[in-house]
Amino acid sequence: MIDYIIVGYGIAGLSFAFKLIKEKKDFVIIDKPETNSTFQSGAVLNPTILKRYTISWKGSDFLKFAKKFYVEFENEYNVKVFDKIMIHRYFSRKQEQNDWIVASGLKSLENYLDHQVINEGNYPILLKNGYGIVKNTAKIYPKLLLDTFKFNLTKNNFINKKFDYKKLEIFKQYVKYGNFKSKKIVFCEGVGIKNNIFFNYLPIESLKGEYLIIKSPKLSSNYILKSSIYIIPLEKKFFWVGSTYDFNDKSLKKTKKGYNFLLSKLNSFISVPFEVIDHKIGFRPVVKDRRPILGRHPKYENLILYNGLGTRGLMLAPLLSKWLYEYTSDNKEFYKEISINRYKELYKN
Ligand SMILES: Cc1cc2nc3c(=O)[nH]c(=O)nc-3n(C[C@H](O)[C@H](O)[C@H](O)COP(=O)(O)OP(=O)(O)OC[C@H]3O[C@@H](n4cnc5c(N)ncnc54)[C@H](O)[C@@H]3O)c2cc1C
């Protein structure tokens, strides 16, 4: 008998499996990468909400732990998946300068928003209302992260197949799936949860995001640019540009509307030439109250959910995985704000 089956290999599945390796537990990951959000992610680690100048729930704790996690990952596998990088937040109106100055004086934001507003024009930016610097932020290289971890697993640890929920047999002390007998099963399927017959009563929706990959030799790779969109440096003068937010469109297609929106934002933001290399989509698993959902199934104790990572999954997952592990192995409770119990009235037996 193994300790855990993990369904889904995005940042939730990866970071939970990484924790299991540290704890010397046996596991198998079952994944079919149809809607992998982690792979599509802008992958910025930023605890601030720059639209409202606030900090996300427990943002500093998540950020601190995530940085430690990615550095540990780098040391373990001798690979570079993490870069410290600042964000230049450009203002579209002069009024935003005042909002910034007020926010940078708040205790919760003082580690992130540099109090200085920079007013001089900055080539190649078209917006003329200055900018502020967000400090202590970072970015991840998600493809390299996923590929590296998978490469280092043994063949027995990873099954590249769609999980068939109807084939799961549930017993009091364990579950059975094909040849696997496991003490517990953890579902980390991101937006794939809609097909999960045990947990699809939960209010987790898919939030579509379209983004572009551009090439622009004259754009700096030393910082992330942010106005109403992000411009995030990748390698070799490629940049991730996004994204849109659409709850209504559930199709896997990229749209002309999304493309035009991103292009017009880009053209009003920078003045240097760029070439659009690709146009892509992804879906974020978002909960009604914008908090992750973790915990045991209301009826079957050994079925565990780990989902709802929303728009900041790369930052949240490392600490959530630690909490979830302690909960499943030592019954240690975590914050009620992220517990599955907050939606127990939605479960119809
Ligand atoms: C456009 C965009 C930009 C983003 N930018 C950022 C950002 O800058 N910073 C940040 O922190 N976060 C960002 N996010 C959010 C972040 O990517 C997500 O919160 C996170 O990746 C969710 O991870 P996950 O492991 O829960 O799901 P996923 O990464 O989606 O992984 C789930 C996996 O399970 C598989 N699966 C599902 N059902 C089954 C099944 N039945 N059988 C087998 N496999 C199955 C899926 O195919 C997938 O491979 C962004 C997301 C998008 C879409």
Side-chain angles (χ1 to χ4, degrees), residues 5-17 28-48 50 56 59 62-63 66 70 85 87 137-143 145-146 149-150 158-168 177 185-200 204 206-213 224 226 229-232 240-246 252 254 258 262 279-287 290-294 305-321 324:
I5 296 172
I6 298 173
V7 181
Y9 181 60
I11 190 60
L14 180 152
S15 55
F16 192 71
V28 63
I29 297 175
I30 302 173
D31 177 80
K32 185 93 186 150
E34 285 176 355
T35 53
N36 194 292
S37 177
T38 305
F39 186 73
Q40 311 296 344
S41 174
V44 178
L45 305 187
N46 171 23
T48 68
L50 291 174
S56 55
F62 282 116
L63 178 69
Y70 292 113
I85 185 166
I87 301 172
T137 45
K139 70 176 170 127
I140 306 299
Y141 298 99
K143 181 176 181 320
L145 180 82
L146 290 165
F149 190 70
K150 188 171 167 183
F158 203 100
I159 313 285
N160 192 356
K161 264 197 183 145
K162 207 167 167 98
F163 183 85
D164 185 347
Y165 301 93
K166 294 199 185 84
K167 292 196 177 143
L168 183 69
Y177 184 75
I185 182 163
V186 181
F187 292 102
C188 311
E189 313 108 312
V191 298
I193 191 181
K194 64 179 183 305
N195 302 316
N196 185 327
I197 53 177
F198 305 104
F199 288 105
N200 61 7
I204 303 176
S206 55
L207 173 57
K208 187 171 178 177
E210 300 191 41
Y211 64 95
L212 304 175
I213 303 296
I224 293 169
K226 164 93 176 95
I229 51 165
Y230 273 104
I231 305 178
I232 303 167
W240 186 105
V241 177
S243 100
T244 62
Y245 294 83
D246 193 336
L252 295 172
K254 37 196 181 182
L262 294 169
H279 173 200
K280 296 186 167 200
I281 63 151
F283 290 94
R284 311 156 179 100
V286 173
V287 184
R290 302 293 184 270
R291 297 258 201 275
I293 304 188
L294 277 69
L305 186 82
Y306 182 2
N307 208 306
L309 297 191
T311 56
R312 288 168 208 265
L314 278 290
M315 188 180 82
L316 303 183
L319 185 54
L320 291 177
S321 288
L324 189 66

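The residues of the chain are indexed from 1 along the displayed sequence. Whatever order the structure lists ligands and atoms in, that order sets their numbers, starting from 1. Only this structure's heavy atoms are used, side chains among them; waters, hydrogens and symmetry mates stay out.
The closest heavy-atom contact to atom 46 (C) of ligand 1, among the options Lys194, Lys162, Lys32, comes from Lys32. Closest heavy-atom approach to atom 50 (C) of ligand 1 within the set Cys188, Pro292, Gly308, Ser41: this belongs to Ser41. Considering only non-hydrogen atoms, atom 49 (O) of ligand 1 lies nearest to Asp31 out of Ile6, Asp31, Asn195.
Counting heavy atoms under 4.0 Å from ligand 1, residue Pro142 does not touch it at all. Heavy atoms of Tyr230 found under 4.0 angstrom from ligand 1: none, in either backbone or side chain. Residue-level proximity to ligand 1 for Glu210 is absent, since no heavy atom of it falls below 4.0 angstrom. Of the heavy atoms in Thr311, only backbone atoms (N, CA, C, O) come closer than 4.0 Å to ligand 1. Within the 4.0 Å heavy-atom criterion, neither part of Ala317 lies near ligand 1. Of all the heavy atoms of Phe187, none lies under 4.0 Å from any atom of ligand 1, so neither backbone nor side chain is involved. By the criterion of a heavy-atom distance under 4.0 Å, the backbone of Phe283, and not its side chain, is placed next to ligand 1.
Of the protein's heavy atoms, Gly190 CA, 3.5 Å lies nearest to atom 27 (O) of ligand 1. In this structure, atom 51 (C) of ligand 1 lies nearest to the protein heavy atom Arg284 CG, 3.4 Å. Nearest protein heavy-atom contact of atom 19 (O) of ligand 1 is Gly310 O, 2.7 Å. Shortest contact from atom 4 (C) of ligand 1 to any protein heavy atom: Gly42 N, 3.5 Å. If you check which protein heavy atom lies closest to atom 28 (P) of ligand 1, you get Ser37 N, 3.5 Å. Regarding atom 25 (O) of ligand 1, its nearest protein heavy-atom neighbour is Ala12 N, 3.0 Å. Shortest contact from atom 21 (O) of ligand 1 to any protein heavy atom: Thr38 OG1, 2.8 Å. With hydrogens left out, the protein atom closest to atom 7 (C) of ligand 1 is Ala43 N, 3.2 Å, a heavy atom.
Taking the six-membered ring where tryptophan is involved, the planes of Phe163 and Phe187 are perpendicular, since the angle between them exceeds 60° and thus also 30°.
For the pair Arg290 (side chain) and Val287 (backbone), a donor-acceptor distance under 3.5 Å is present. Proximity of a side-chain donor or acceptor of Tyr211 to a complementary backbone N or O of Leu262 within less than 3.5 Å is not detected. No donor-acceptor pair under 3.5 Å is formed between the side chain of Tyr70 and the backbone N or O of Pro318. Between the side chain of Asn307 and the backbone N or O of Cys188 there is no donor-acceptor pair closer than 3.5 Å.
Of all non-hydrogen atoms in Leu146 and Tyr9, the two that sit nearest each other are O-OH, 2.6 Å. Here the shortest heavy-atom pairing between Ser15 and Tyr306 reads OG-OH, 3.8 Å. Of all heavy-atom pairs spanning Lys139 and Ile232, the tightest one is CD-CG2, 3.9 Å. Closest heavy-atom contact between Arg284 and Gly310: CB-O, 3.7 Å.
Residue contact annotation: Asn307 has no non-hydrogen atom under 4.0 Å from ligand 1. Residue contacts with ligand 1 leave out Phe16, since none of its heavy atoms falls under 4.0 Å from the ligand. For Lys139, the heavy-atom gap to ligand 1 stays at 4.0 angstrom or more. Within the structure, the closest approach of Ile11 to ligand 1 falls below 4.0 Å when heavy atoms are considered. Contact between Tyr306 and ligand 1 is absent, with no heavy atom of the residue lying under 4.0 Å from the ligand.
Counting the atoms of ligand 1 from 1 in the order shown, those under 4.0 Å from a heavy atom of Met315 are 11 (O). Per-residue contacts place Gly282 under 4.0 angstrom from the following atoms of ligand 1 (heavy atoms of the residue considered): 53 (C). Shown in contact with Thr35 at under 4.0 Å from a heavy atom are these atoms of ligand 1, numbered in order with element: 30 (O), 46 (C), 47 (O). Here is the list of ligand 1 atoms found below 4.0 Å of a heavy atom in Glu34: 47 (O). For ligand 1, the atoms closer than 4.0 angstrom to any heavy atom of Lys161 are 43 (C). With ligand atoms numbered from 1 in the order given, ligand 1 contributes 10 (C), 11 (O), 12 (N) to contacts under 4.0 Å with heavy atoms of Arg312.
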Passes side-chain contact (heavy atoms from CB on, under 4.5 Å), Tyr245 versus Thr311? Steps please. CA-CA 10 Å; Tyr245 294 83; Thr311 56; 4.2 Å; yes

Let's go through Leu309 and Leu320 carefully: what are the C-alpha distance in whole Å and the side-chain angles of both, what is the deciding distance for side-chain contact (heavy atoms from CB on, under 4.5 Å) to 0.1 Å, and is it a yes or a no? CA-CA 10 Å; Leu309 297 191; Leu320 291 177; 3.4 Å; yes

Take Tyr230 and Ile87, measure what side-chain contact (heavy atoms from CB on, under 4.5 Å) needs, and give me the verdict at the end. CA-CA 9 Å; Tyr230 273 104; Ile87 301 172; 4.2 Å; yes

Apply side-chain contact (heavy atoms from CB on, under 4.5 Å) to residues Thr38 and Leu314 and explain how you reach the verdict. CA-CA 7 Å; Thr38 305; Leu314 278 290; 4.3 Å; yes

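For a threshold of 3.5 Å applied to N or O pairs, the pair formed by Trp240 and ligand 1 contains no separation below that value. Checked by distance only, ligand 1 and Gly313 come closer than 3.5 Å through their nitrogen or oxygen atoms. Checked by distance only, ligand 1 and Phe163 come closer than 3.5 Å through their nitrogen or oxygen atoms. For a threshold of 3.5 Å applied to N or O pairs, the pair formed by Gly8 and ligand 1 contains no separation below that value. The shortest N/O to N/O separation between Val44 and ligand 1 falls below 3.5 Å. Residue-to-ligand polar distances keep Gln40 apart from ligand 1: every N/O pair is separated by 3.5 Å or more.
No side-chain heavy atom of Ser321 sits under 4.5 Å from any side-chain heavy atom of Leu14. For the pair Ile213 and Trp240, the minimum side-chain heavy-atom distance is below 4.5 Å. Side-chain contact check for Thr137 versus Ile224: every heavy-atom pair is 4.5 Å or farther apart. Side chains of Val28 and Tyr177 form no contact here, defined as non-hydrogen atoms less than 4.5 Å apart.
Residues forming a salt bridge (Lys or Arg N to Asp or Glu O under 4.0 Å) with Lys194 (at least two apart in sequence, or on another chain): none. Taking the side-chain hydrogen bond (donor to acceptor under 3.5 Å, both in side chains) definition, one finds that Lys208 meets it with Asp249, Ser251, sequence neighbours left out.
Counting heavy-atom neighbours within 6.0 Å of Phe39 CZ, excluding the residue itself, gives a total of 12 or less.
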